[in-house]
Undergrad: 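One structure is given below, represented as structure tokens, and several questions about it will come after.
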Amino acid sequence: MTLTTSEIEQFHRDGYLFPLDVLETDEVADIRSQVEAEEAKHGGKLLPGQRSKGHLLFKWLDNLIRDPRVLDPVEQLIGPNILCWNTLFWIKEADHKSFVGWHQDTKYWGLSSDKVVTAWVALSPASIEAGCMKVLPGSHTGDVLEHDENYNEDNMLTRGQELSREPTEEESVYMPLKPGQMSIHNYRIAHASGPNNAPDRRIGVSMHFMPPETEQIVGSWDSAALVRGEDPYGHFEPTPVPAHDFDDAAVAFHERASQAFREVLYHGAQNNTGKL
Ligand SMILES: O=C(O)CCC(=O)C(=O)O
């Protein structure tokens, strides 16, 4: 897949791009059934610790962070050397009030680069009704905005953070996706999502890609997977490639890597809500 010059310009100007077709229908169905089989082992929900760095646990997700259908457009946006810092599951139950407050990830991830991007793949319908993501175009180029940390239980973010001034409906752009489609946004952009008012679950997985010059400036140790090109800097410890689901070495690494991720995300927080 090749992005056009105007798509690349639009991404740099507005901070987001969608929809990109990534997975075939049968691939999405297979991945969804693997996710739901794992959830079934834990009473219908992934364990909180499985939400992040899941590419170290699930082979299909390790494959996805290396898939050319994902990386080709990412390379056109951030360059040929690509690290995958993290992956995150975003699952909203059918007809459920969980939402994601307006926020900018740059405030919480401890990463030094302005070029970090999130690629978000829909594993079930992510319509407006189902609570797809919405963005404030252009907000990735401005200052980091003021956030309130409300610890609202229904807000899926660690501290229930929300921008002190919420963008209006008129200012926002919704990014609906069909199963198998992907959006990409710059992690500085203000974004949010509403509750799932649809009859199906809204299942998404996000992948966070960055150029290797990026540094972790909050945590003392961090890791990333080199998924394309070279890493001449070595700021992040390379993650192992799992040979299969729950590969022992990768599971042991996941324990440490997801703990380091949590420490960064909860750094300075009033309390640890256990959402990750
Ligand atoms: O899945 C959502 O609704 C929000 C995801 C999000 O905040 C992100 O990918 O940065």
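We use all heavy atoms of the structure for the numbers below, so side chains are in, but hydrogens, waters and symmetry mates are not. Order of appearance sets the numbers: ligands from 1, and atoms from 1 within every ligand.
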Undergrad: Identify, for atom 8 (C) of ligand 1, the protein heavy atom at the shortest distance, and state residue, atom and that distance.
TA: His191 NE2, 3.6 Å
Undergrad: Answer yes or no: is there an ion pair linking Arg228 with Asp72, defined by an N-O contact shorter than 4.0 Å?
TA: yes
Undergrad: When you measure from the heavy atoms of His185 to every atom of ligand 1, does any distance fall below 4.0 Å?
TA: yes
Undergrad: Hey, is His103 touching ligand 1 through its side chain, its backbone, both or neither, going by heavy atoms under 4.0 Å?
TA: side chain
Undergrad: Do Glu93 and Arg201 meet the salt-bridge criterion of a basic N to acidic O distance under 4.0 Å?
TA: yes
Undergrad: Who's closest to atom 6 (C) of ligand 1 heavy-atom-wise, of Phe89, Trp90, Tyr187, Phe99?
TA: Trp90
Undergrad: For atom 4 (C) of ligand 1, which candidate among Met133, Lys92, Gln104 provides the closest heavy atom?
TA: Met133
Undergrad: Among protein heavy atoms, which sits nearest to atom 3 (O) of ligand 1, and what does the distance come to when rounded to 0.1 Å?
TA: Ser193 OG, 2.6 Å
Undergrad: Who pairs with Trp221 by side-chain hydrogen bond (donor to acceptor under 3.5 Å, both in side chains), at least two apart in sequence or on another chain?
TA: Glu237
Undergrad: What part of Trp120, side chain, backbone, both or neither, has a heavy atom within less than 4.0 angstrom of ligand 1?
TA: side chain
Undergrad: Taking side chain to side chain donor-acceptor pair (under 3.5 Å) as the criterion, tell me which of Glu162, Gln161, His191 meets it with His103.
TA: His191
Undergrad: Where's the contact between Asp105 and ligand 1, heavy-atom distance under 4.0 Å: side chain, backbone, both or neither?
TA: side chain
Undergrad: Thinking salt bridges, do Glu9 and Arg13 make one under a 4.0 Å N-O criterion?
TA: no
Undergrad: Heavy-atom pairs closer than 4.0 Å: do any link ligand 1 to the side chain of His208, the backbone, both, or neither?
TA: neither
Undergrad: Could I get the full list of ring-ring contact (aromatic ring centres under 6.0 Å, His included) partners for His235, not counting sequence neighbours?
TA: Tyr233
Undergrad: Hey, is Arg69 close enough to Glu27 for a salt bridge, meaning N to O under 4.0 Å?
TA: yes
